[in-house]
Amino acid sequence: MTVSRRDFIRLAAGSMAALGLSGSLACRKMRSQPNIVLIYADDLGYGDVSCYGANTFSTPNIDRLAGEGLRFTNAHASSATCTPSRYSLLTGEYAWRRRGTGIARGDAAAIITPDRITLPDVLQQAGYTTGVVGKWHLGLGPQGGADWNGAIKPGPLEIGFDYCFLIPATGDRVPCVYVENHRVVGLDPSDPIKVSFREPILEEPTGKEHPELLKVHPSHGHNQTIINGISRIGYMSGGKSARWVDEDMADVITEKAVEFIREHRDDPFFLYFSTHDIHVPRVPHSRFIGKSGHGARGDAILQFDWCVGQIIETLNAHNLSENTLVILTSDNGPVVDDGYHDQAVELLGHHKPAGPLRGGKYSAFDAGTRVPFIIRWSGRVEPGISDALASQLDLFASLASLTGQSLTEGAAPDSFDQLPVLLGKSDQDRAYVVEHAASGALSLIKDNWKLIEPHDGPKINSNTNIELGHDPEPQLYHLETDLGERHNVAQEFPDKTEELMALLETIKTAAQTRT
Ligand code: NG6
Ligand code: CA
């Protein structure tokens, strides 16, 4: 039997009452629990920050977080693209188990429906005030799409968040407006928003027909409605007073994140701060332009680092550092040209976004999912480096464990409680990690071996120039001696290949992998 979200909350509330933990007592107990801030970058690669080896520019705030915390060298996002990674993060379930969890359109309906039990649900139940600020990209509204001019729901508030301030999908997709709780921010009702992903909306110029109106030009796709001089994926009209200004986006969302922390500094709070950086279009504020020497992509990394600094400073200013667990990571690996001519390719120089890894965003090779992952909890997590194999999937069960919540049947089926590893008390590898490429190809890492299942997809994506890691035959790499996945040893080790293929099959067919 799967317990619905509503039942879960009712049952949990009932058991609290049975324990006599009503109101203030429960509240006092909860105050000893740490706040949780999850900083989720977009498309930030394994080698994109200086504490992970970037050496042509520096990211002092991220480095400081790493210096005061635990820096993981082998932690993975669940997927090599955004929507499925975020789906897994919030549900503790492999996205590839569910249809409709691929990269979401700008007008997609809510992908995580209110009957699901989510990470914020569990934290809410533990007495936390929960908020999400920044990129959502998990769909909003009922089947058929959200009412951008009315109440936009279901969305985060229906799945466990008390507050949201959102970029609905991505910066490169319409609608280019912010949503706060259930409403578009700053909408003038006399200028309603219209959104279409099927046909052009005639009154609005497109990048395809009017390139002379563009300040950033597309390299592939991204040639539909022009908003703020940048053409996007999808068509939109109206909502002129509500449209975002890309250059101000990092400032706007960081201010909202900071406000949330300030406002809830006396509660236990959970903040999921999901930055737009360093996704395309990369249009950082003028104060970062030219600062990295690598064009807009590098400058967006510096802007992201600044955002991190603002969060750290806010925690310090309110004496919250010792009572706040900060997690910083990314939803998938790096891409240099993801659809706009922003000089990222021309000015890449010696910077290696994926560090020593092969592939990138979308790929079955390791750079698709192995990402920066840092945990800081001053006074509680000893600073250092952890080489443990880890997965973002496990944040759900581990944070539930941290906050004293048990998981009801059906909740977070693929999330393991790895709290001791996350807190640096153990360096035990996860039993295995499944990687999920954009094509759907799965890989399995276990005991430093990596299997990529056979897949007929192209070897390279000609738009992004990323090696996708597809091969019609199984590939086996020994990561301990071949981190860059250069030597396929499947022929030499047929037993290992077969063993991992069989394990992957078992994982695919199991309804739940947490035992
Ligand atoms: C792709 C887009 C890419 C990016 C990606 C989603 C094209 C040609 N490419 O389809 O630019 O938006 O989707 O990125 O449209 S993600 O990080 O949100 O998954
Ligand atoms: Ca992403």
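Indexing begins at 1, ligand by ligand and atom by atom, following the structure's order.
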Check: Is the closest heavy atom of G339 to ligand 1 under 4.0 Å?
Finding: no

Item checked: Sub-4.0 Å atoms of ligand 1 with respect to non-hydrogen atoms of D338 -> 3 (C), 4 (C), 11 (O)

Note to self: Strictly under 3.0 Å, is the Ca ion (ligand 2) approached by any N, O or S atom of N332?
What the structure shows: yes

Notebook entry, point to check: Which atoms of ligand 1 have any heavy atom of T170 under 4.0 Å away?
Noted result: 18 (O)

Notebook entry, point to check: Just by modelled atom types, is the A104 backbone N or O under 3.5 Å from a matching donor or acceptor in the R173 side chain?
Noted result: yes

Margin query: Do S85 and S78 pair up side chain to side chain, a donor and an acceptor below 3.5 Å, judged on atom types alone?
Written below: no

Notebook entry, point to check: D331: which N/O/S atom is nearest the Ca ion (ligand 2)?
Noted result: OD2

Notebook entry, point to check: Do E259 and Y163 have side-chain N/O donor and acceptor atoms under 3.5 Å apart?
Noted result: no

Notebook entry, point to check: If you check every N/O/S atom of D42, which is the one nearest the Ca ion (ligand 2)?
Noted result: OD1

Notebook entry, point to check: Side chain, backbone, both or neither: which part of I103 comes within less than 4.0 Å of ligand 1 when only heavy atoms are counted?
Noted result: side chain

Item checked: For atom 13 (O) of ligand 1, the option (of R173, H137, H220, K361) bearing the nearest heavy atom -> R173

Check: So, for H436 and Y94, is the gap between ring centers shorter than 6.0 Å?
Finding: no

Margin query: Checking side-chain polar atoms at under 3.5 Å, does D48 have a donor or acceptor matched by the opposite partner on H351?
Written below: yes

Margin query: Below 4.0 Å, non-hydrogen atoms only: which portion of N463 touches ligand 1? Side chain, backbone, both or neither.
Written below: neither

Notebook entry, point to check: Which N/O/S atom belongs to D43 and is the closest one to the Ca ion (ligand 2)?
Noted result: OD1

Notebook entry, point to check: Are more than 12 heavy atoms from other residues, nucleotides or ligands located less than 6.0 Å from atom CZ of R99?
Noted result: no

Next item on the list: Examine the proximity of ligand 1 to K135 and report which part, side chain or backbone, both or neither, has a heavy atom under 4.0 Å away.
Entry: side chain

Note to self: I need the atoms of ligand 1 closer than 4.0 Å to a non-hydrogen atom of N332, numbered in the order shown.
What the structure shows: 17 (O)

Notebook entry, point to check: If only atom types and distance count, is the side chain of D342 paired as donor or acceptor with the main-chain N or O of A344 below 3.5 Å?
Noted result: yes

Margin query: Using modelled atom types and a 3.5 Å cut-off, is there a donor and acceptor pairing between side-chain atoms of R71 and backbone atoms of D63?
Written below: no

Checklist line | Y340 near ligand 1 by a heavy-atom separation under 4.0 Å | finding: no

Next item on the list: Just jot down the ligand 1 atoms closer than 4.0 angstrom to any heavy atom of Y362, in number order.
Entry: 1 (C), 3 (C), 4 (C), 5 (C)

